[in-house]
Amino acid sequence: MRLILIGPPGAGKGVQANLLNKRFNIPHISTGDMLREEVKNKTELGKTAKEFMDRGELVPDDIIMMMIEKKLKEKDTKEGFILDGFPRTILQAEKLDWMLKNLTMMLDKVINLEVSKKTVIRRLSTRRVCKNCQSIYNIITMKPMKENICDKCSGILYQRDDDKEEVIKDRLEVYKKQTAPLIEYYKRKNLVSDVNANLEAEETFSEIIKLLE
Ligand code: AP5
């Protein structure tokens, strides 16, 4: 199964990708997580990416394509993958098409997570992420068992720098201008299925499962 999860920041791409990964054991590829790992390790790539991420802007396409190309050539992605947060521009989508063609792979579905702006702002301003394993929590809807401690690895939970209200607004604008046009791009290829992402995570997941079955 080769899937793309598309949707605005806070639509629940990360949460749904984790649920899919658990159910089907398909690798979850999140460019956001990969970039945050580079930032945490203070690599040159991470230092460059951080400047864009903190402003809510997209990281340049060449950096992203380099990371993705490496990932898609790894053995465990041969049978399938879930792309979360990639592609995010038409150029990235075109390059992905070209890459998959060269690897004789095809996309199965693009799942479009539809969610209201109000929900997104509420979810992002209350999100917490594990510093160590990047697991996603929410202080209202998906609380950890112990306050500020990751259930899975006991790492410390933190609030992402780009989850401040002023940056959230910029990220939503960037989504509208640069990423939303991809829905039309994939509709032309007959790959898009819309899913209501305003629901509880498990309910949205059930909708996705119905589509995949
Ligand atoms: P990235 O990390 O990809 O962020 P994003 O796309 O903005 O999406 P988010 O991670 O904010 O949201 P999500 O949809 O995954 O929601 P989540 O499941 O966490 O990218 C960050 C930055 O990196 C970008 O701004 C850019 O700079 C750069 N970047 C990354 N990829 C790039 C690319 N391809 N090209 C260029 N630049 C790139 O859920 C959110 C919250 O809601 C959580 O607290 C969760 O617990 C809660 N929640 C989720 N679902 C539900 C539900 N159904 N009900 C209640 N609560 C829920």
Side-chain angles (χ1 to χ4, degrees), residues 4-21 28-40 45-46 48-69 71 82-96 111-116 118-130 134-144 150-151 157-164 167-180 182 195-208:
I4 292 179
L5 295 184
I6 197 164
K13 301 181 294 295
V15 166
Q16 296 301 326
N18 284 330
L19 291 170
L20 285 163
N21 166 271
H28 168 199
I29 303 175
S30 156
T31 41
D33 285 351
M34 288 159 83
L35 289 167
R36 279 184 290 279
E37 198 57 33
E38 298 282 345
V39 172
K40 190 172 94 183
L45 191 158
T48 308
K50 190 174 186 323
E51 288 176 30
F52 293 92
M53 293 166 83
D54 284 352
R55 291 196 297 262
E57 291 170 17
L58 295 184
V59 172
D61 287 332
D62 53 340
I63 296 185
I64 301 293
M65 292 318 300
M66 203 172 64
M67 289 190 331
I68 282 287
E69 188 165 17
K71 200 79 193 164
I82 308 156
L83 293 175
D84 155 13
F86 173 87
R88 250 176 156 102
T89 61
I90 296 285
L91 189 82
Q92 288 181 16
E94 288 171 346
K95 291 204 166 174
L96 174 67
I111 295 170
N112 175 28
L113 297 174
E114 296 182 306
V115 66
S116 72
K118 205 172 115 198
T119 304
V120 158
I121 294 176
R122 194 182 56 234
R123 282 184 189 167
L124 291 183
S125 51
T126 49
R127 170 167 56 189
R128 297 291 181 272
V129 180
C130 174
Q134 311 229 32
S135 290
I136 306 162
Y137 295 88
N138 189 288
I139 54 172
I140 315 266
T141 58
M142 293 180 194
K143 290 183 188 174
C150 177
D151 295 345
L157 306 187
Y158 79 108
Q159 183 165 31
R160 275 170 45 176
D161 286 339
D162 59 352
D163 277 349
K164 294 181 189 116
V167 188
I168 295 174
K169 287 192 178 132
D170 292 340
R171 287 164 63 202
L172 286 171
E173 274 308 301
V174 167
Y175 176 79
K176 207 164 115 191
K177 285 201 188 113
Q178 302 195 56
T179 307
L182 286 180
V195 169
N196 182 358
N198 290 298
L199 311 171
E200 298 271 318
E202 287 296 339
E203 289 177 280
T204 299
F205 185 58
S206 299
E207 283 205 16
I208 295 175

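FYI, side chains are in, hydrogens and waters are out, and symmetry mates aren't considered; it's all heavy atoms of this structure. Just so we're clear, the structure is a prediction, and the values are computed from it rather than from any experiment. Whatever order the structure lists ligands and atoms in, that order sets their numbers, starting from 1.
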**Study point:** Within the 4.0 Å heavy-atom sphere of ligand 1, strictly under, residues
**Key:**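 Near ligand 1, by chain and number: P8, P9, G10, A11, G12, K13, G14, V15, T31, G32, L35, R36, M53, E57, L58, V59, I64, G85, F86, R88, Q92, R123, L124, R127, I136, Y137, N138, T141, M142, R160, D162, R171, L199, E200, A201.
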
Point to revise | R171 and D163 ion-paired at < 4.0 Å | key: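 Yes.
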
Practice item. Just jot down the side chain to side chain contact (heavy atoms under 4.5 Å, CB included) partners of I29, sequence neighbours excluded, or say none. Key: M34, I68, K71, L72, T77, F81, L83

Exercise for review: Applying side chain to side chain contact (heavy atoms under 4.5 Å, CB included), name anything that partners T126, two or more places apart in sequence or on another chain.
Suggested key: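 Only N138, I139, I140 meet the side chain to side chain contact (heavy atoms under 4.5 Å, CB included) criterion with T126.
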
Review point. Is there a donor-acceptor contact under 3.5 Å from the side chain of N198 to the main chain of S116?
Key: yes

Check your understanding: Quick one: does Q134's side chain have a donor or acceptor within less than 3.5 Å of a partner on D33's backbone?
Key ->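 The answer is yes, because a donor-acceptor pair under 3.5 Å joins these two groups.
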
**Study point:** Qualifying residues under salt bridge (Lys or Arg N to Asp or Glu O under 4.0 Å), relative to K50, sequence neighbours excluded
**Key:** D54, D161

